[in-house]
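Quick caveat: nothing in here was measured; it's all calculated off a predicted structure.
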Amino acid sequence: ASRIWGACERLFVSGNEGNFIASMLRTIDQQLTKAWNEGAAAVGVEPEDMSEDDLALLSSIIDSEAEFVPGLAADILAAREAQMTPEAFEANFGNRADTWANRYPDVVNQATIHFGGKTRLVWRLGQTEEHCTTCAALNGLVAYAEEWEQSGLHPQGPPNDLLECGGWKCDCSLETTDKRRSPRAMDTLINIAMSGNL
C-alpha cells in the first residue's frame with residue numbers, strides 16, 4: 001500500500017506521468033508475482049513447478065490491473081490541475097490506493113485455489129517379483145495428479161493398454177509425496193505412454 005500511495009503522491013506533486021506509470025507497472029508486476037508465488041507455495045507449488053498456462057494466468061491478472069493505471073494517472077493529474085488540497089487529495093485517492101493494495105491477498109487466494117489441485121503423486125512399484133518395463137520406467141516419477149490423469153497412465157486398472165503388464169498383475173500405486181515434481185514430468189509421461197514397448 002505504501003508504494004502505491006507514494007507513487008500517487010509523487011505524481012500529484014510532480015506531474016510526471018511517465019515516472020508514475022513506470023513505477024506503478026513495476027510495483028504491480030513485482031507484488032502480484034510475489035502474491036502468486038506465495039499462494040502457490042501455501043499448497044507446495046514452487047515457481048519452477050509452474051506451467052506455461054499457470055504463468056499465462058498470472059500475466060492476465062497483472063495485465064488486467066495494468067489497464068487501470070492510465071486512468072488513475074489522468075484522475076490524479078486532473079486533481080493536480082484543479083489545485084486540490086493535499087488533504088482533499090488523500091481523502092479522494094487514499095481509498096483507491098487501498099483498493100489496489102488489497103489485490104495482493106486476493107491474488108494469494110487465487111493462486112492457492114488454482115494450485116490446490118496440483119497434488120504431487122509418485123509412482124511406486126508394487127510387491128510383484130518382476131515388473132514390466134512400463135512400470136519400471138514410471139517408478140519414482142513425480143507428477144501432478146492432473147498430469148497422471150491426462151496421460152492415462154494409472155497403476156492396475158485392467159485391461160490397461162498403456163502398461164506392458166496390462167494392469168492384470170500390477171500392484172503398483174500412486175502415492176502423495178512432498179518430493180519435487182520430476183523435471184519435464186508431463187513430457188516424460190507422454191513419451192512413456194506413446195512408447196513402442198507398450
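Judged by distance alone, the side chain of Asp98 and the main-chain N or O of Asn95 form no donor-acceptor pair under 3.5 Å. A side-chain donor-acceptor contact under 3.5 Å links Thr112 to the backbone of Gly39. In terms of modelled atom types and a separation under 3.5 Å, the side chain of Ser173 and the main chain of Glu175 share no donor-acceptor contact. A donor-acceptor pair under 3.5 Å links the side-chain atoms of Thr85 to the main chain of Ala88, judged by distance alone. For the pair Arg103 (side chain) and Glu65 (backbone), a donor-acceptor distance under 3.5 Å is absent. Side chain of Gln156 to main chain of Gly167: no donor-acceptor pair is present (N/O by atom type, distance under 3.5 Å, no hydrogens or angles). Judged by distance alone, with hydrogens and angles left aside, the side-chain atoms of Ser23 form no donor-acceptor pair with the main-chain N or O of Asn19 at under 3.5 Å. Within the 3.5 Å criterion, the main-chain N or O of Phe115 finds no donor-acceptor partner in the side chain of Tyr144.
Remark: Glu38 CD to Gln31 CD distance equals 10.0 Å, nearest 0.5 Å. Remark: Met186 CE to Gln150 CD distance equals 4.5 Å, nearest 0.5 Å. The distance from atom CZ of Phe20 to atom CD1 of Ile76, rounded to the nearest 0.5 Å, is 4.0 Å. Once rounded to the nearest 0.5 Å, the distance linking CH2 of Trp123 with CG of Leu189 reads 9.5 Å.
Residues Asn191 and Thr188 bring no donor and acceptor atom of their side chains to less than 3.5 Å of each other. Checking Asn160 against His154 by side-chain atom types alone, no donor-acceptor pair falls below 3.5 Å.
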(request) With side chain to side chain contact (heavy atoms under 4.5 Å, CB included) as the test, would you mind laying out the steps for Leu121 and Thr176 before giving the verdict? (result) CA-CA 4 Å; Leu121 303 173; Thr176 59; 3.7 Å; yes
(request) Could you walk me through whether Ser151 and Leu162 pass the side chain to side chain contact (heavy atoms under 4.5 Å, CB included) test, one step at a time? (result) CA-CA 9 Å; Ser151 73; Leu162 295 178; over 6 Å; no
(request) Could you walk me through whether Asp63 and Ser60 pass side-chain hydrogen bond (donor to acceptor under 3.5 Å, both in side chains), step by step? (result) CA-CA 5 Å; Asp63 291 346; Ser60 72; over 6 Å; no
(message) side chain to side chain contact (heavy atoms under 4.5 Å, CB included) for Ile192 and Leu153? Distances and angles first, verdict last.
(response) CA-CA 9 Å; Ile192 291 171; Leu153 289 163; 4.3 Å; yes
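Arg10 is linked by a side-chain hydrogen bond (donor to acceptor under 3.5 Å, both in side chains) to nothing, counting only residues two or more places apart in sequence or in another chain.
Around the CD atom of Glu90, the shell of radius 6.0 Å holds no more than 12 heavy atoms that belong to other residues, nucleotides or ligands.
Clustering ILVMFWY residues whenever any of their side-chain heavy atoms sit less than 4.5 angstrom apart, transitively, puts Leu72 in the very cluster that holds Leu11. The hydrophobic cluster containing Met50 also contains Val107, counting ILVMFWY residues as joined when their side-chain heavy atoms lie under 4.5 angstrom apart, directly or transitively. Grouping the Ile, Leu, Val, Met, Phe, Trp and Tyr side chains by contacts below 4.5 angstrom, directly or via other members, places Ile28 with Leu57.
When each of Trp100, Phe89, Phe93, Phe12 is tested with Trp5 by the rule ring pair (Phe, Tyr, Trp, His ring centres under 6.0 Å), just one qualifies, namely Phe89.
The residues Arg181 and Glu48 are annotated as not salt-bridged, no charged nitrogen and carboxylate oxygen being separated by less than 4.0 angstrom.
Using a 4.5 Å heavy-atom cutoff, the side chains of Arg26 and Gln30 are in contact.
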